[in-house]
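To start, the structure itself, in structure tokens.
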Amino acid sequence: MADKLKQDQIDAAKECFELFDNVGDEKIDNFQVGDVLRSLDLNPTNEEVLKVNGGIKQEGHQRMSIEEFLPIFGQMVANPSESGSFDDFMEGFKVFDKEGNGNIHTGELRQVLTTLGEKLTSEDVEMVLKGQEESGLVKYEKFITYVMEEMDKD
């Protein structure tokens, strides 16, 4: 798969790889593979990361060279993870909709966005919630539509 990467993708991978090499041995800790892939604008699931990094769940167990990383990167570029569908997100938000009325409390949404999954900064949360909040509540169907439309623009 690495042979199908474009030169600019290989260069970006090498540059990112160097940034994560905190020892100076031209290798990264296997635990960092997911972070490196995400830094390269990919979105692997935690399950995918564990599959490609040998099941390493903490730092200090094994290191990986760029030659070992490029085929993984190539595979992820060729077969990117699918982001969730509208229905997937609706189901997820229903967990937080205690009254079953299509709303989630703004404070709870802020907490989720800054502490779970790919954590957002407070500034990012402010930007995402701008214009979405009404009386301390967010209509999550409208919010999901807005976020998905914004993602499609990128």
Side-chain angles (χ1 to χ4, degrees), residues 1-96 104 106-132 138 140-154:
M1 285 294 170
D3 57 329
K4 299 202 185 220
L5 290 170
K6 297 176 188 164
Q7 188 59 48
D8 63 323
Q9 292 172 311
I10 293 170
D11 293 342
K14 286 181 178 179
E15 182 178 341
C16 187
F17 202 84
E18 288 173 14
L19 292 172
F20 280 86
D21 174 12
N22 55 8
V23 175
D25 61 355
E26 299 182 0
K27 294 182 178 184
I28 61 166
D29 195 297
N30 275 26
F31 183 71
Q32 296 174 302
V33 169
D35 295 333
V36 174
L37 290 168
R38 290 180 187 103
S39 295
L40 292 164
D41 294 328
L42 295 174
N43 192 24
T45 64
N46 289 339
E47 184 178 315
E48 289 171 320
V49 171
L50 286 173
K51 188 175 177 182
V52 298
N53 82 353
I56 305 296
K57 293 184 179 181
Q58 53 185 235
E59 290 185 74
H61 290 281
Q62 190 174 351
R63 296 185 61 77
M64 176 183 295
S65 70
I66 188 70
E67 290 77 20
E68 294 169 300
F69 176 77
L70 284 175
I72 294 169
F73 178 52
Q75 180 183 1
M76 293 285 178
V77 168
N79 304 305
S81 297
E82 291 190 26
S83 58
S85 69
F86 179 84
D87 291 335
D88 292 337
F89 290 116
M90 285 293 291
E91 286 301 312
F93 274 93
K94 285 179 183 176
V95 171
F96 300 100
I104 181 173
T106 306
E108 192 166 19
L109 182 55
R110 284 179 200 280
Q111 179 73 16
V112 168
L113 294 174
T114 58
T115 61
L116 299 178
E118 193 167 323
K119 299 167 186 72
L120 299 180
T121 64
S122 296
E123 294 81 24
D124 290 338
V125 172
E126 290 302 319
M127 185 177 70
V128 170
L129 290 179
K130 190 173 187 176
Q132 298 293 315
V138 173
Y140 57 84
E141 183 172 356
K142 180 181 164 190
F143 177 73
I144 295 166
T145 301
Y146 166 73
V147 171
M148 292 184 87
E149 286 173 356
E150 288 298 312
M151 286 176 56
D152 286 341
K153 290 179 184 177
D154 292 339

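Residues take their numbers from the sequence shown, with the count starting at 1.
Taken to the nearest 0.5 Å, the CE atom of Met90 stands 4.5 Å off from the CD atom of Glu141. To the nearest 0.5 angstrom, Leu19 atom CG is 11.0 Å from Gln32 atom CD. Note that CD1 of Ile104 is 5.0 Å distant from CG of Leu109, once rounded to the nearest 0.5 Å. Here CD of Glu48 is found 12.0 Å from CD1 of Ile72. Values are rounded to the nearest 0.5 Å. Leu113 contributes atom CG, which lies 6.5 Å from atom CG of Leu129 (distance to the nearest 0.5 angstrom).
A 4.5 Å side-chain heavy-atom check between Leu42 and Phe73 finds at least one atom pair inside the cut-off. Looking at Thr114 and Lys119, their side chains never come closer than 4.5 Å, going by heavy atoms from C-beta outward. Between Leu40 and Met76, every side-chain heavy-atom pair lies at or beyond the 4.5 Å cut-off. Using a 4.5 Å cut-off on side-chain heavy atoms (C-beta onward), Glu26 and Ser65 make no contact.
Shortest non-hydrogen contact noted between Asp29 and Arg63 is N-NH1, 3.5 Å. The shortest heavy-atom contact between Val125 and Leu120 is CG2-CB, 3.8 Å. Listed here is the closest heavy atom pair of Thr145 and Phe86: OG1-CE1, 3.5 Å. Counting all heavy atoms, side chain and backbone alike, Gln132 lies closest to Tyr146 at NE2-CG, 3.5 Å. Residues Ala13 and Ile66 come closest through the heavy atom pair O-CD1, 4.1 Å.
The neighbour count for Asp35 CG, taken as heavy atoms of other residues, nucleotides or ligands under 6.0 Å away, is above 12. Environment of CD in Gln7: crowded, with over 12 heavy atoms of neighbouring residues, nucleotides or ligands closer than 6.0 Å.
Taking the six-membered ring where tryptophan is involved, the planes of Phe93 and Phe143 are perpendicular, since the angle between them exceeds 60° and thus also 30°.
Of the residues listed (Met64, Lys27, Lys14), the one engaging Phe69 in a side chain to side chain contact (heavy atoms under 4.5 Å, CB included) is Met64, and it is the only one.
Between Glu91 and Lys94 a salt bridge is recorded (basic side-chain N to carboxylate O distance below 4.0 Å). Using a 4.0 Å cut-off between a side-chain N of Lys or Arg and a carboxylate O of Asp or Glu, Glu126 and Arg110 qualify as a salt bridge.
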